[in-house]
Amino acid sequence: MSTPIQQNNGVAASKTNTQPLWLLAEVTYRCPLHCAFCYNPTDYDKHTKNELSTEQWIQVLRDARKLGALQLGISGGEPLLRDDIEDIVAEASSLGYYTNLITSGVGLTEKRISAFKAGGLDHIQLSMHDITEEINNFITGTRTFELKKKVAAMIKEHGYPMVLNVVIHRFNIKHVKEILEMAEALGADFVELANTQYYGWSLVNRSQLMPTKEQIDEAEAITNAFREKVGNKMKIFFVVPDYFSNRPKKCMNGWGEVFMIVTANGDVLPCHSARVLPNMSFPNVKANGLKWAWEESPAFNQYRGDDWMKEPCRSCPEKEKDLGGCRCQAFLLSGDAEAADPVCTKSPHRHLIDEAIANAQNPYLQAQPILFRNDKNSRKLIE
Ligand code: FES
C-alpha cells in the first residue's frame with residue numbers, strides 16, 4: 001500500500017506555499033450518540049440545516065485534490081447517517097485520496113462495509129468508550145456497548161486495519177489497562193487513547209470529566225508498560241491533554257498550514273472550533289471556491305505564520321515550535337483570540353488552567369449534572 005505522500009500526483013502548491021494535505025469532511029452534525037465530551041460545536045443545531053448534497057461534496061473533493069489534499073477524513077456527527085457515503089468514498093478513492101471513515105459504528109452493516117471495500121475505503125476508525133456497558137452507555141447516552149464490539153469484529157473480518165479511538169476522562173481512566181486488553185482481544189492494530197481536550201461539549205462538562213494529574217500519569221505508565229508487552233502487534237498512542245502540559249500544542253500543525261475542514265453546511269474552517277472566534281467570517285463552498293478560501297480568504301490568513309502575535313509569544317524562542325498554541329483555546333479561556341494559549345506557563349492567563357484543574361477536584365462541581373450532546377441542549381446553549 002502506498003503512503004498518502006507517495007500518492008501525490010504532482011499537484012501544484014498554492015500561493016501561500018502551503019497545501020491542505022488533510023481534508024476533514026464533517027458531512028453531518030446529526031448523531032445517534034450524545035457524548036458528553038463531543039468536540040462538535042455546542043451550537044451545532046444552527047448548522048444542521050442545508051447540508052451539502054452529494055454533488056456538492058464531490059465538487060469539494062475534486063477542488064481540494066487540486067489544491068493538494070491527500071488524506072480525507074469523513075466524519076460528523078455520525079457520517080453513516082447519510083446514505084451517500086459510499087458514493088463519496090468511491091469518488092475520493094478514484095481521485096487518489098487516502099480515505100478514513102471516522103464512525104461510532106452505528107449504521108455500519110455488512111452491506112455498507114462491503115460497498116466501502118468495493119469503493120476503495122482505506123481505513124475505518126471506530127470509537128470505543130469503556131470495558132463496561134454501564135460507562136459506555138452512560139457517557140454516550142445510548143445502548144451501544146454490544147454493537148460496538150460487533151462492529152469491531154466486522155471491520156476485522158473485512159480486512160481493515162482495526163483502529164480504535166478511546167476518549168479518556170474521569171469515568172474510564174481507571175480502566176486503561178482493561179481497555180487495552182479489550183483492544184488486544186478484539187485484534188486492534190492501532191489504539192488511540194485520546195485524553196479529553198476541552199472544547200465544545202467537553203468544555204461545558206469540564207469539571208465533571210477532568211481526571212487528576214496523578215490519574216493521567218498512572219494511565220500513561222500503564223500504557224507504556226502495555227506497549228512494551230505487545231510490541232509491534234498493536235500500536236498505541238497516548239495523547240497527553242493540553243491542560244497538564246507546560247507548553248501548548250501547535251494546533252492543527254499551524255493555522256492554515258496543512259488542515260482544512262469543510263462542515264456539513266459547507267463552511268470552510270482551519271480548525272474544528274474556529275467558529276467560536278469573534279469577528280470572523282468563514283468562507284462557504286456554496287459561495288466561494290475552495291482555492292479562494294484556502295489562499296485568499298481573510299479567515300485562513302488571519303493566524304497564518306506569526307505576524308499576528310503579541311507578547312509573550314512574539315519574542316519567545318519557542319514560537320516556531322508551537323505558534324502560540326491554539327487560538328480557539330486562547331479565546332475560549334481568556335476572551336482574547338490573540339493571547340498566548342493559556343496552557344503555556346509563560347502566559348499571563350495560565351492561572352485559568354490551574355483554576356480549572358483545581359475546580360475539577362471540587363466535589364460540588366464534579367456532582368453537577370452533565371450536559372449531554374443533543375439537539376435540545378444545543379438549542380438551549382444557543383439561546
Ligand atoms: Fe481552533 Fe486550535 S481548535 S486553533
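Numbering of ligands and ligand atoms starts at 1, following listing order.
Looking only at atom types and distance, the side chain of Asp122 has a donor-acceptor partner in the side chain of Thr99 under 3.5 Å away. Donor-acceptor pairing under 3.5 Å is lacking for the side chains of Thr42 and Arg373. When only modelled atom types and interatomic distance are considered, Tyr98 and His123 share a side-chain donor-acceptor pair under 3.5 Å. Side-chain atoms of Thr18 and Glu257 include no donor-acceptor pair closer than 3.5 Å. Defined by atom type and a distance below 3.5 Å, a donor-acceptor pair is present between the side-chain atoms of Thr132 and Asp130.
Only protein atoms were considered; those of element N, O or S under 2.8 Å from atom 2 (Fe) of ligand 1 number 2.
Note on residues 331-382: pairs passing ring-ring contact (aromatic ring centres under 6.0 Å, His included), not counting sequence neighbours, are Phe138-Phe372.
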